[in-house]
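These notes are about the structure you will find just below.
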Amino acid sequence: MPPLHRLDLPALEREWLARWQQDGTMERYLHRNDHAEERFRFIDGPITANNQMGVHHAWNRALKDYYQRYHTMRGQRQRYQNGFDCQGLWVEVEVEKEFKFKNKHDIEEYGIAPFVERCKERVLRFAGLITEQSKRLGYWMNWDNSYYTMSDENNYTIWHFLKTCHERGLIYKGRDAMPWCPRCATGISDMEINEGRKEVQHTSVYVRFPLQDRAGEYLLVWTTTPWTLPANVAAAVNPDLTYAKVAQDGEFYYLSKDLVPKLAKLRGKQHGDFQVVGELPGADLVGWQYTGPFDELPAWQDPSRDVDLKGTRPVPLRDPLVHRVVPWKDVAATEGTGIVHIAPGCGREDFFLGKDEGLRVIAPIDENGAYIAGYDWLTGRAVNEGHTDDKGHGVNTLARAIMDNLKAKELLYQTESIQHVYPHCWRCGTELIFRNVEEWFINMGPKDDPNHQGLRYEIMAVVEQIRWLPGFGLERELDWLRNMEDWMISKKRYWGLALPIFDCAQCGHFEVIGSKQELHDRAVAGWEEFDGHTPHRPYVDAVQIRCSQCGAVVSRVADVGNPWLDAGIVPYSTLNYLDDREYWRAWFPADFITESFPGQFRNWFYSMLVMSTVLENRPPFQTVLGFASVLAFDGSLMSKSKGTALWFAEAVEKLGADTMRWLYAAQPPEQDVWFPQVPTDDEMAAAQAKGVPVRLNDSWLQIRSTLDKLWNVYYFFVTYANIDGFDPAQHTVPPAQRADADRWLLSELQETIRLVTEGLDDFDSVKAANAISECVDQVSNWYIRRVRRRFWKSAMDDDKAAAYLTLYEALVTLAKLLAPFTPFLAEAIYTNLARPHPPTPSPSAMERGSEMGSPLHRNGEGLGVGPLSPSVHLTDWPAVDPALVNPELRAETRIVQRVVNLGRAAREKAQLRVRQPLAALHVRVPAVADQDRLVRLTAQALDELNIKALKLLPPHSEMLTASVKPKMAALGQKYRTQMPKILAALKTVESDQALAFAASGQLPLQLADGATVMLTPAEVEVQAGAQEGYVAAEDRGLVVVLDAHVTPELAAEGLVRDLTHLLNALRKRADFAIEEHITATVVTDAALAEIITRFAAEVREETLATTLTVLPSDDGTPPELPAGAITEEIAPGKLGGHPATLAIARAPKRATPRARTAKGDAPATK
RNA sequence: GGGCCUGUAGCUCAGUUGGUUAGAGCGCAGUCCUGAUAAGACUGAGGUCCUCUGUUCGAGCCAGAGCAGGCCCA
């Protein structure tokens, strides 16, 4: 049975995407506030236009959309500009994959110009796809005005920034040790490294370094990368560890004391017994000198071949030809020998240590991983030289050669095979090495500067002016800024910002060009070749300028820029900083940005902060909302390479965009979100074959429950409004004349508006979403339960109209509050209820059940819902109407709800189903105010519980016991150490003593030690409980006691209600329309037949039966039933042990649609 | 190795300035309610509040030590 009433979001969304397209709603939305005074300044962090969207992108974009939509409804002017990040290695890598390029050589063979073109094409292709997918998400932006970081203005604004940096002397050429793939001849970024780690087996070596001036004594050193030994310049020890001097074979070794036991295994056959002959702190070793393992190589003998460290923080080299022991606190006592071989040209940590210690930097390897000149027999050999042996094991012949060489020199102590996780190139699988390469940097200034001078501290001052959400973001960014190294802005690649740096090879002077015009003015060659092209390689490379110092002709450095320059400049470039300063001033800084936290502290947030500090010394944004990561349904990381990533396109058609948007709205942004499992393709196909929306799993149902409940409420409203032909414009009932329940709901609605508004003002979508959920829950589970009978009655009097109007106003308001979060659902509900001239829904939509069967036609102004609009997204944000706020009614309803809950609990204990009417409910209410409240709304509680009378219990009722309950905070404050005795004594207080205390306000208490204390109501409270033997339930002093006695008359009424329920259930199963009339027949025993006959009028009314025939049949064999009737045999257990068979059939149509009596709510008394 | 954070029910998490017998949602079991409901209500089972030591009349909360995990940095 395809239920029209089941919410099918994907279908509904497709319908609305088409409609919005047709009537240009988004365009109107984008321009509705064009002339508004107030602005909401949002800057979009550019999405990488390199792939289709994943579900994690939907979180990002949904958050952006919530707040922009909200501020639009608040009437604020916005730019709605989306951004695409276009330049960088990630694009190159994908293009390389497409063309099956293996390395840079392949690219250069193909040609840089066409390669760059392919990169641009790829970016545009995916920008287009992302645009379409974003629209599918319901993300409303000015899609024709997206910015691209590869644009001229973006690149030239970065030039301006770099020139400004240079004018402050911040740009320098330096060196960095970076992971390097010798096969691809390229550096590997940290992020890429994480993708390529795997466990491998290597041969590690233990080498002995002969100490100078200590004949026969050696440092024992361990390394897993023998190829770095020719670049050794130092050995590091931990000054805080204890080292041992070990005697063996007439010689002495130094190593960490903790690692001495390892020698037993390591000595092998080559070495004899050993013994520890002395201990000394690591600090004592520092400064010792030793003979290096490859001192004979020309490279070691000639320091002029060393890496030029010009530009780095200068630390004078000490004794360039000497190897020495240096202190390093990071040396661990758990691995190797506790003495670490240091080669600053071959490792990152080594490099930093070398900088601090003023060590030589010997970089022995070229970009293909082979030794450069000066390494004698090693020159030209690659560090990964080797082959695979018969058993399939990799054999590194270079490592073997080095070991043989060391052995010959009697420096090799031992080798050891180790299994460890080692970085590999994620593209080609080659083991990575560390290379020292020349790069360009922005100087961030010293760390730990006591005077807080330098760019680093300027940025930190800017950061503190920003509101970080969640709060830990501020500390995290500051932490990064305190510890960051200088910013490396260059990369030796092709597709990216052309760094406008001209480095004179002749005199060493370099210049930074700040604009296209300046480049034009300075150009001495190559302008014609460049003119007409974007500032990208290779064309911009052709332009040459004259060195202002020596007059030589200089080319641009070949490097491209770090891609975070591209994104970081956006608050300037996209706001026309260079061309239209007025415009920039109007839109800068951003009020709000939001991006995923992981990474952005040192990426986008960081680059914006650096650039804005240098250019204007101002925060580029005032509030930043960070959010965490999207994990798979089981909490594991979603990974593209493992195939566990979930594409947006697939998820959105299975779940609906609004489902995802609601998930993210209610998700605390600082916590990772577990994205539940989406239906499989098979499930989708099966559902489609049956013509029903696919069944989502429980996790999704839970997430979606608010939307489903709202939809059901909406469906309820529309169903009856259509039966009644209800038109909200035709009725006016002032709130004061409406029933309590109506006025209560209107008050709840105001509270909801207040909370949602506060939440969105505060960038707290969770608070907003929770307030909406709470309200929907109250409408669905309280309001409608309370008032449904008013919709059932036949006459359209003021009472019925008031219920309609109240529910109508609630739905329209909720639709507006939901509009920023679930734009599709909100639009569907709003337009059907409130749009002045709704278009007819397309037949396909009606078939799929995405749309209500008959839209409500409305004309004129809405009542209590503001001016009507063709789209909820063009309406104004609802405002709280103080006249409708009613805290007293709220409190009244709350106490009723508490009593109802207790009444249900008591019924559960007594096994008395709710359909069984009971005579009385006795209630003890602790607070007098609450008692009055309950009395006023007694009818609601009784109706809900199906009980005929509510009786208030006096404190001394025989149904109650009184007990005393200590107020710990007050008592403890006063009596301290006497507390255990007092608590013990309080437990012995009897009910009548408690009642006496309640009357007198004084509780004398005899303690175990004979002392007496006098306790007061401030220290002890009296609480009522139920006397044993009564069916009762209690909660914080509120007690309800059921009169559980079921008289024959009550039992009969209960049976009648059961029968009514069964008949109605049968109607529903038989698919009878709600307003359809039936003829009913009941076959049952004589006893039940008598009862039904007695209550026949009521049964007929409740089941819309024009006739009710009761046929007694004691033997259970039914007499002849009406032909064509739908019959059902009822298990006796369901009707108090009476056997029965029911039969219903459609009755001829009558004029009145529905004729039930309204019970429950009394009319308004005020 | 440094910094930050987290250990509470099967799962995900709340838990106010220290206050009796530690809660919610989901899941599980049972009962009920329902002609809007893929909804809802009630009851129940389920706990060494990571461990130890201390402070206190009283510790999930405070202090110290340890264990385990996460994130960031190196």
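Nucleotides of RNA chain B nearest to A/Asp672 and A/Thr719 differ in position, and the one nearer the 5' end is that of A/Asp672. Where A/Leu902 and A/Asp1058 meet RNA chain B, the nucleotide closest to each residue was compared, and A/Asp1058 sits on the side nearer the 5' end.
Look at the C1' atom in both B/G46 and B/G23: the space between them is 14 Å, to the nearest Å. B/C49 and B/C11: their P atoms are spaced 16 Å apart (whole Å). Rounded to whole Å, the separation between the P atoms of B/G25 and B/A36 comes to 26 Å. Straight-line distance between the P atoms of B/G10 and B/U17: roughly 28 Å, to the nearest whole Å. When the C1' atom is compared between B/G54 and B/C73, the two are found 34 Å apart, to the nearest whole Å. A distance of about 42 Å separates the P atoms of B/A68 and B/G30, rounded to the whole Å. Taking atom P on both B/A14 and B/C57, the two are 32 Å apart, rounded to the nearest angstrom. Here, B/G44 and B/C52 have their P atoms 31 Å apart, quoted to the whole Å.
For the salt bridge (charged side-chain N to carboxylate O under 4.0 Å, His left out) with A/Glu1128, the qualifying choice from A/Lys1134, A/Lys1068, A/Arg1069 is A/Arg1069, the only one to do so.
Residue A/His1061 places at least one side-chain N or O under 4.0 Å from the OP1 or OP2 atom of B/U34. Between A/Tyr720 and B/A36, a side-chain N or O to OP1/OP2 separation shorter than 4.0 Å is present. When the side-chain nitrogen and oxygen atoms of A/Arg904 are compared with OP1 and OP2 of B/C33, none of them lie within a distance under 4.0 Å.
Checking B/A39, B/C33, B/U43 against the side-chain heavy atoms of A/Arg785 singles out B/C33 as nearest. The nucleotide whose nearest atom lies closest to any side-chain atom of A/Gln911 is, among B/C57, B/U31, B/C32, B/U31. Between B/U43, B/U37, B/A38, one nucleotide has an atom nearer to the side chain of A/Asp708 than all others, and that is B/A38. The side chain of A/Asn901 lies closest to B/A41, out of B/U34, B/A41, B/C33. For A/Arg695, taking side-chain heavy atoms from C-beta onward, the closest of the listed nucleotides B/A36, B/A38, B/C32 is B/A38.
Here B/C61 sits opposite no nucleotide as a Watson-Crick or G-U wobble pair (both hydrogen-bonding atom distances under 3.5 Å). Under the Watson-Crick or G-U wobble criterion, with both distances below 3.5 Å, B/C32 is paired with B/G40. B/C4: Watson-Crick or G-U partner is B/G70, with both key distances under 3.5 Å. The partner of B/A22, taking Watson-Crick or G-U wobble pairs whose two distances both stay under 3.5 Å, does not exist in any strand shown.
Counting heavy atoms from C-beta outward, A/Thr1103 and A/Ile1144 have side chains that stay 4.5 Å or more apart. Under the 4.5 Å side-chain criterion, counting only non-hydrogen atoms from C-beta, A/Phe1072 is not in contact with A/Leu1066. You'll find the side chain of A/Leu1015 reaches within 4.5 Å of the side chain of A/Tyr975, heavy atoms only. Between A/Val713 and A/Phe716 the shortest side-chain heavy-atom distance does not fall below 4.5 Å. For the pair A/Lys447 and A/Met484, the minimum side-chain heavy-atom distance is 4.5 Å or more.
For A/Arg1057 and A/Asn946, the side-chain atoms include at least one donor-acceptor pair closer than 3.5 Å.
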Practice prompt. Show your working on side-chain contact (heavy atoms from CB on, under 4.5 Å) between A/Lys654 and A/Val694 and close with a plain yes or no.
Written response: CA-CA 8 Å; A/Lys654 291 179 173 177; A/Val694 72; 5.6 Å; no
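A salt bridge is defined here as a Lys NZ or Arg NE, NH1 or NH2 lying under 4.0 Å from an Asp or Glu carboxylate O, and A/Arg786 with A/Glu944 meets this definition. The pair A/Asp777-A/Lys709 counts as a salt bridge, with a side-chain nitrogen and a carboxylate oxygen less than 4.0 angstrom apart.
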Show each protein N/O and nucleotides 65-73 of chain B N/O combination with a separation under 3.5 Å, one pair to a line.
residue	atom	partner	partner atom	Å
B/C73	OP1	A/Arg602	NE	2.1
B/C73	OP1	A/Arg602	NH1	3.1
B/C73	OP1	A/Arg602	NH2	3.0
B/C73	OP2	A/Arg602	NH2	3.3

Under 3.5 Å, which N/O atoms of the protein pair with N/O atoms of nucleotides 5-10 of chain B?
none

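Here the P atom of nucleotide B/U31 and the CZ atom of A/Arg915 are 14 Å apart, to the nearest Å. Rounding to whole angstrom units, NZ of residue A/Lys654 and P of B/A38 are separated by 24 Å. Computed from coordinates, the A/Ile703 CD1 to B/A39 P distance equals 14 Å when rounded to whole Å. The distance from atom CG of A/Asp448 to atom P of B/A74 is 14 Å, rounded to the nearest whole Å. To the nearest angstrom, C1' of B/C33 lies 12 Å from NZ of A/Lys1068.
A donor-acceptor contact under 3.5 Å is formed by the side chain of A/Ser780 with the base of B/A36.
Separation of atoms CG (A/Asp1035) and CG (A/Leu902) is listed at 5.5 Å; rounding is to 0.5 Å. Note: A/Asp1058 CG to A/Glu1053 CD = 12.0 Å, rounded to the nearest 0.5 Å. Rounding to the nearest 0.5 Å gives a distance of 9.0 Å between OG of A/Ser780 and CG of A/Leu710.
Here A/Val713 lies in heavy-atom contact (under 4.0 Å) with a base. Residue contacts shown for A/Leu986 are absent, as no nucleic acid heavy atom lies under 4.0 Å away. Looking at heavy-atom distances under 4.0 Å, A/Val776 makes no contact with the nucleic acid at all. Residue contacts for A/Phe601: at a heavy-atom cut-off of 4.0 Å it reaches no nucleic acid atom on any strand shown.
Between the A/Tyr720 side chain and the A/Tyr804 main chain, no donor and acceptor come within less than 3.5 Å of each other.
Ring pair A/Tyr664/A/Phe675 is tilted by interplanar angle, where 30° to 60° counts as tilted.
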Item to complete: Indicate for each nucleotide in nucleotides 18-30 of chain B, in 5' to 3' sequence, whether protein heavy atoms under 4.0 Å reach the base (B), only the sugar-phosphate (S), or nothing (-).
Response: -BB----SSS--B
